[in-house]
Colleague: 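Take this structure first; my questions come after.
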Amino acid sequence: MTHAPVLEFTDANFDLEVLQASLPVYVEFWATWSAPSRTVAPSTQKLADDYAGELAVGRLNIDNNQDTPQRYGVRTVPTVLVFKAGKVVAQVVGARPYSAYQAAIVPLL
């Protein structure tokens with residue numbers, strides 16, 4: 001099975017790839033040392049697969065990119081922010097089931 005790409009967001013590409021995107025954008029803030037982040041990764045991939053073409057899905061490593069999490073007040077990983085037209089329109093903090101992430105994006109599609 002071929003998977004849809006999960007984008008890699010960085011401090012350098014965030015404004016272009018997220019804030020200026022034409023589609024709603026799902027951003028998972030994560031860290032390699034965070035066990036809950038590892039449990040959320042499959043849900044992020046499933047969203048990318050299930051909503052390809054309707055939603056941009058990506059991850060931002062908070063250890064390698066510290067400006068963007070600070071800008072949005074991300075203090076816990078994983079944290080998911082959903083953007084539409086450059087604005088945060090939904091947030092899910094902590095490791096949650098797939099349905100919680102899906103519920104955050106479905107009203108935007």
Side-chain angles (χ1 to χ4, degrees):
M1 176 180 179
T2 303
H3 287 292
V6 172
L7 305 170
E8 182 179 341
F9 299 128
T10 65
D11 287 341
N13 74 9
F14 195 84
D15 286 359
L16 178 64
E17 298 288 329
V18 176
L19 301 183
Q20 297 176 28
S22 58
L23 295 174
V25 184
Y26 172 100
V27 181
E28 176 198 336
F29 292 84
W30 70 286
T32 57
W33 48 262
S34 166
S37 288
R38 289 190 295 275
T39 67
V40 171
S43 291
T44 298
Q45 181 63 64
K46 183 166 173 41
L47 285 169
D49 293 341
D50 291 351
Y51 296 97
E54 299 176 76
L55 178 74
V57 175
R59 302 175 85 205
L60 186 139
N61 183 313
I62 66 160
D63 290 327
N64 299 336
N65 304 279
Q66 297 179 358
D67 294 342
T68 303
Q70 184 175 0
R71 184 161 103 185
Y72 290 98
V74 174
R75 304 206 188 294
T76 302
V77 289
T79 290
V80 168
L81 298 180
V82 182
F83 291 79
K84 185 169 186 177
K87 307 277 188 234
V88 176
V89 293
Q91 175 178 312
V92 181
V93 178
R96 301 282 185 258
Y98 176 79
S99 59
Y101 302 110
Q102 188 177 39
I105 59 134
V106 166
L108 307 172
L109 304 177

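Note that this is a predicted model, so its numbers are computed, not measured.
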Colleague: State, with a plain yes or no, whether a side-chain heavy atom of V18 is found less than 4.5 Å away from one of L81.
Modeller: no
Colleague: Can you name the nearest heavy-atom pair linking G58 to V6, along with the distance?
Modeller: CA-CG1, 3.9 Å
Colleague: Run W30 and I62 through side chain to side chain contact (heavy atoms under 4.5 Å, CB included) and show every step you take.
Modeller: CA-CA 6 Å; W30 70 286; I62 66 160; over 6 Å; no
Colleague: With sequence neighbours left out, write down each residue that passes ring-ring contact (aromatic ring centres under 6.0 Å, His included) with F83, or none if nothing qualifies.
Modeller: F14, Y72
Colleague: How far apart are the closest heavy atoms of A4 and Q45, and which atoms are they?
Modeller: O-NE2, 2.8 Å
Colleague: If you take all heavy atoms of P36 and P78, which pair is closest and at what distance?
Modeller: CB-CD, 3.6 Å
Colleague: Measuring only between side-chain heavy atoms, which start at C-beta, is Y101 closer than 4.5 Å to V80?
Modeller: yes
Colleague: Check whether any side-chain heavy atom of T68 lies under 4.5 Å from a side-chain heavy atom of F29, and answer yes or no.
Modeller: yes
Colleague: Which atom pair, heavy atoms only, marks the closest approach of V82 to A104?
Modeller: CG2-CB, 4.4 Å
Colleague: Do the non-hydrogen side-chain atoms of E17 and V25 ever get within less than 4.5 Å of each other?
Modeller: no
Colleague: What closest approach, in Å, do E8 and N13 show between heavy atoms, and which atom pair accounts for it?
Modeller: O-ND2, 3.1 Å
Colleague: Quick one: CD on Q70 to CZ on R75, what's the gap to the nearest 0.5 Å?
Modeller: 8.0 Å
Colleague: Using the salt bridge (Lys or Arg N to Asp or Glu O under 4.0 Å) criterion, which residues pair with D11? Sequence neighbours excluded.
Modeller: none
Colleague: For a 4.5 angstrom cut-off between non-hydrogen side-chain atoms, does W33 reach D63?
Modeller: yes
Colleague: Can you find a heavy atom in the side chain of V57 that is under 4.5 Å from one in the side chain of T44?
Modeller: yes
Colleague: As an exercise, state the distance from CZ of R38 to OG1 of T32, rounded to the nearest 0.5 Å.
Modeller: 8.0 Å
Colleague: Quick one: CD on Q66 to CG on L60, what's the gap to the nearest 0.5 Å?
Modeller: 10.5 Å
Colleague: Quick check: is Y98 connected to V93 through a chain of hydrophobic side chains (ILVMFWY, heavy atoms under 4.5 Å apart)?
Modeller: no
Colleague: With a 6.0 Å cut-off (strictly less than), is the heavy-atom count around CD of Q102, excluding the residue itself, greater than 12?
Modeller: yes
Colleague: May I ask you to decide if T76's main-chain N or O and T79's side chain share a donor-acceptor pair within less than 3.5 Å?
Modeller: yes
Colleague: Provide the closest heavy-atom pair for N65 versus P69 in the form atom of the first, atom of the second, distance.
Modeller: O-CD, 3.0 Å
Colleague: For the atom pair CZ (F9) and CG (L16), what is the distance rounded to the nearest 0.5 Å?
Modeller: 10.0 Å
Colleague: Answer whether the closest heavy-atom distance between the side chains of L55 and L23 falls below 4.5 Å.
Modeller: no
Colleague: Residues two or more places apart in sequence or in another chain: which of them pass salt bridge (Lys or Arg N to Asp or Glu O under 4.0 Å) with D50?
Modeller: K46
Colleague: Check whether L47 and V88 end up in the same hydrophobic cluster, where Ile, Leu, Val, Met, Phe, Trp and Tyr are linked by side-chain heavy atoms less than 4.5 Å apart.
Modeller: no
Colleague: Return the OH to CD1 distance between Y26 and I105, rounded to the nearest 0.5 Å.
Modeller: 8.5 Å
